[in-house]
Amino acid sequence: MKQVNVAVLVSGGGTNLQALIDAQGKVIKNGKISLVISNNANAYALQRAKNADIKTAVVLKKEFATQRDFEEKLISILRENDIDLIVLAGFMSILSEYFTSTYKDRIINVHPSLIPSFCGKGFYGLKVHEEALKYGVKVTGATVHFVNEIPDGGKIIMQKAVKIRKGDTPEILQKRVMVQAEWKILPASTELVCKNILKEKN
Ligand code: GAR
């Protein structure tokens, strides 16, 4: 295997997906983003994928009777496309142990806080920054970690700290955490994991 086949799972705007696309061939040399799956048909991330000529798929949870059926559909698409690594980039749906154990050590996620602070069930998107500001922390940041059956509980791959500034709103802080941390450590972690997968296989 020359390059790791990477799928990115998204739900929304897809700025982290964009950071991955922009890093392709630069920071990301050992992986190829070949598929983007969204659980939201209106996600702007789908347009970003199309603009970069990356294959897309939409899988809506409401079209499946159970979580298991939803995850089986995701797995069948991932298998059809020979995916070796799954990157969750703003994917707002918790995956069960069935899914995470099928892709053990092959799923990574970016979370907009320094885990173990402000993470786990219910902590996603802007809510994470609202809680960090409410608590009054002076430093926050982002974490990339492996995904297991515990929400935000897998082994940490990279973290980057970001300082809180006077006058920060959740929106201002979210943007700073993205620019200074997420958009850097997500591509860097993707490359690191791809490199290690290739080392194992060759
Ligand atoms: C990002 O800040 C990401 O870290 C967060 O959602 C945002 C998605 O933005 N993810 C979570 O909160 C997961 N628990 P994007 O669609 O522009 O990449």
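Every number for a ligand or one of its atoms is a count from 1 in the order of the listing.
Annotation: side chain of Ser38 is not in contact with side chain of Thr56 (no heavy-atom distance under 4.5 Å). Contact annotation: the side chain of Leu173 approaches that of Leu133 to within less than 4.5 Å [non-hydrogen atoms, C-beta and beyond].
Interface atoms of ligand 1 facing His111, defined by a heavy-atom separation under 4.0 Å, are 14 (N). Of all the atoms in ligand 1, the ones that sit under 4.0 Å from a non-hydrogen atom of Glu182 are 1 (C), 2 (O), 3 (C), 4 (O). Taking a cut-off of under 4.0 Å to the non-hydrogen atoms of Gly125, the atoms of ligand 1 that pass are 11 (C), 12 (O). Interface of Met178 with ligand 1, defined as ligand atoms under 4.0 Å from a residue heavy atom, comprises 1 (C), 2 (O), 9 (O), 17 (O).
Not a single N or O atom of Gln174, backbone or side chain, sits closer than 3.5 Å to an N or O atom of ligand 1. Residue Asn109 places no N or O, backbone or side chain, under 3.5 Å from any N or O of ligand 1.
When Leu20, Val110, Thr143 are ranked by how near their heavy atoms come to atom 13 (C) of ligand 1, first place goes to Val110.
The nearest protein atom to atom 8 (C) of ligand 1, hydrogens excluded, is given as Gly90 CA, 3.7 Å; this is a heavy-atom distance. Atom 16 (O) of ligand 1 has its closest protein heavy atom at Gly14 N, 2.8 Å. Here the heavy atom of the protein found nearest to atom 11 (C) of ligand 1 is Pro112 CD, 3.7 Å.
From Lys55, atom NZ reaches atom CG of Leu35 across 6.5 Å, with rounding to the nearest 0.5 Å.
Taking the six-membered ring for Trp and thresholds of 30 and 60 degrees, Tyr135 and Phe118 have ring planes more than 60 degrees apart, a perpendicular arrangement.
The side-chain contact (heavy atoms from CB on, under 4.5 Å) with Tyr103 is formed by just one residue from the set Asp84, Leu95, Val147, Ile86; it is Ile86.
A donor atom on one side chain and an acceptor atom on the other are not found under 3.5 Å apart for Glu200 and Asn196.
Residue contacts with ligand 1 for Phe123 involve N, CA, C or O but no side-chain atom from C-beta outward (heavy atoms, distance under 4.0 Å).
Between Arg68 and Glu71 there is no salt bridge, since no side-chain N of the basic residue sits under 4.0 Å from a carboxylate O of the acidic one.
Proximity of a side-chain donor or acceptor of Gln174 to a complementary backbone N or O of Lys127 within less than 3.5 Å is not detected. Counting only distance, with no hydrogens or angles, the side chain of Glu182 and the backbone of Ala89 share no donor-acceptor pair below 3.5 Å.
Within the structure, the closest approach of Ala45 to ligand 1 does not fall below 4.0 Å when heavy atoms are considered. Ligand 1 has Met92 within reach: a non-hydrogen atom of the residue lies less than 4.0 Å from it.
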